[in-house]
Amino acid sequence: MTAIATAAAAGTASPPRRRRGRLRENRAALFFLAPWLIGFAVFTAWPLIYSGYLSLTDYDVINDPSFVGFDNYAELFADPKVALALANTLFFTAVQVPLYVIVSLALALLLARAGRASGFFRTVFFLPKMTPPVAVGILFLLLFNGQSGLINAGLGWIGIDGPSWTTDPAWVKPGLVIMSLWTVGSSVLILLAALRGVPEELYESARLDGAGSWRQFVSVTLPMISPAVFFIVVVNTIAGLQTFDEAYTAFFGAGNTTYGNDAALFYVIYLFQQAFQFLNMGYASAMAWLLFLVIMIVTAIQAIVSRRLVHYEGGGGR
């Protein structure tokens with residue numbers, strides 16, 4: 001009887017102990033999450049909510065905000081520079097992202113065949129990613145100078161008369177696209193890791209079926225690394241739609257009066273001008289929310305398309 005009573009007492013006491021243990025674990029989890037939660041609330045959630053409020057006001061930083069309703073949003077659709085900046089940004093993104101993925105994948109395929117030297121080349125490819133964007137903007141002006149730049153000098157060696165990259169509006173955005181390929185290093189490493197995760201047995205089966213190198217790439221490699229490719233496409237699309245540093249440094253820095261300004265007027269640059277040069281904070285906030293909507297729509301379209309194109313192990317499509 002004593003043993004039975006002891007066991008019963010232990011059984012009734014164990015649930016409270018478990019609850020206390022869970023409470024301790026929850027407190028510990030909240031303690032370690034607190035820095036991130038506080039940072040998110042202060043530096044992300046609150047600015048997001050406040051910018052939504054400012055987008056409905058006329059605010060110049062000096063005076064108190066005055067409520068104007070949706071006037072700022074109506075003005076967005078009547079402002080020709082908003083349409084110009086958005087068109088420039090969409091063109092840049094639509095050209096840059098596919099080229100970025102193609103170059104990254106080509107370099108990753110080369111690295112996958114490099115053997116022991118791949119460690120050295122991984123470092124070499126990633127180092128440009130560490131270059132400050134402002135320095136990249138200055139580098140753009142030096143390399144793509146129409147008269148004395150290294151790019152046109154190289155084209156001249158093979159008999160091609162290079163364009164005026166920094167002054168001809170038709171060549172400003174293509175030049176910026178080419179310059180953006182300077183930082184493909186991180187994407188190369190992601191794709192290299194994905195390539196090394198493709199099972200060798202799949203290639204052996206493909207070879208037994210008579211598949212050549214191109215067929216193996218299309219039927220085995222691309223489907224198996226498609227999640228990594230999709231990730232790079234989404235991340236770089238969002239980055240492309242927020243392009244600012246390099247173009248601003250090259251074309252809108254202090255004292256810069258190049259003829260290609262309108263061609264390089266990206267959406268975030270115009271948003272920055274409205275906010276910090278013209279002090280139209282309410283209008284700039286409305287621009288920011290429009291950009292947020294555009295990014296959400298583009299990302300949603302990519303997610304829908306990925307259901308057919310992206311292969312996940314064990315599930316085929318998404």
Side-chain angles (χ1 to χ4, degrees), residues 76-77 79-108 128-129 131-134 136-137 139-141 143-144 163 165-166 168-188 190-191 226-252 260-275 284 286-310:
L76 285 177
F77 296 98
D79 188 345
K81 282 210 166 185
V82 169
L84 172 66
L86 191 56
N88 286 341
T89 303
L90 291 174
F91 174 86
F92 173 85
T93 305
V95 176
Q96 189 260 359
V97 172
L99 278 177
Y100 196 96
V101 173
I102 291 170
V103 172
S104 300
L105 183 55
L107 292 175
K129 185 70 176 177
T131 308
V134 173
V136 175
L139 188 63
F140 171 85
L141 293 178
L143 292 177
F144 287 83
W165 299 94
T166 60
D168 186 348
W171 286 99
V172 167
K173 287 188 288 291
L176 288 169
V177 168
I178 295 172
M179 196 64 197
S180 71
L181 302 180
W182 171 262
T183 58
V184 298
S186 58
S187 297
V188 171
I190 292 171
L191 290 174
S226 56
V229 174
F230 174 63
F231 171 78
I232 291 171
V233 168
V234 171
V235 169
N236 282 282
T237 298
I238 295 172
L241 292 172
Q242 299 181 81
T243 297
F244 174 79
D245 299 317
E246 295 88 342
Y248 185 84
T249 302
F251 294 100
F252 298 92
N261 281 1
D262 281 347
L265 182 64
F266 292 124
Y267 191 86
V268 176
I269 292 176
Y270 189 49
L271 190 158
F272 175 85
Q273 290 176 337
Q274 288 292 334
M287 288 185 65
W289 276 93
L290 176 60
L291 179 61
F292 176 75
L293 179 63
V294 170
I295 291 174
M296 289 292 291
I297 291 172
V298 171
T299 305
I301 293 172
Q302 289 175 329
I304 293 170
V305 172
S306 74
R307 293 175 184 173
R308 293 190 176 187
L309 300 180
V310 179

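- For the pairing with T93, the side chain to side chain contact (heavy atoms under 4.5 Å, CB included) check across T89, L90, V95 returns one residue only, T89.
- One distance of note links OH of Y270 with CG of L291; it measures 14.5 Å at 0.5 Å rounding.
- Between F272 and F244, the two ring planes are tilted [angle within 30° to 60°].
- Between the side chain of T299 and the backbone N or O of M296, no donor-acceptor pair lies under 3.5 Å.
- Here the closest heavy-atom approach between residue W165 and residue P174 is recorded as CZ3-C, 4.4 Å.
- Shortest non-hydrogen contact noted between L191 and V101 is CD1-O, 4.5 Å.
- When all heavy atoms of A247 and I269 are compared, the closest pair comes out as CB-CD1, 3.7 Å.
- Side-chain atoms of Y100 do not come within 3.5 Å of backbone N or O of T237 as any donor-acceptor pair.
- Under the 30°/60° scheme for interplanar angles, the aromatic rings of W289 and F292 are found to stand perpendicular.
- Of all heavy-atom pairs spanning F144 and G175, the tightest one is CZ-O, 3.9 Å.
- The closest donor-acceptor contact from the side chain of N88 to the backbone of D262 lies under 3.5 Å.
- The distance from atom CG of L84 to atom CG of L265, rounded to the nearest 0.5 Å, is 5.5 Å.
- Taking the ring centroids of F92 and Y267, they lie at or beyond the 6.0 Å cut-off.
- Nearest approach of Q96 to S180, heavy atoms of both residues: CG-OG, 3.1 Å.
- In this structure, CG in D79 is found 11.5 Å from CG in L86, a value given to the nearest 0.5 Å.
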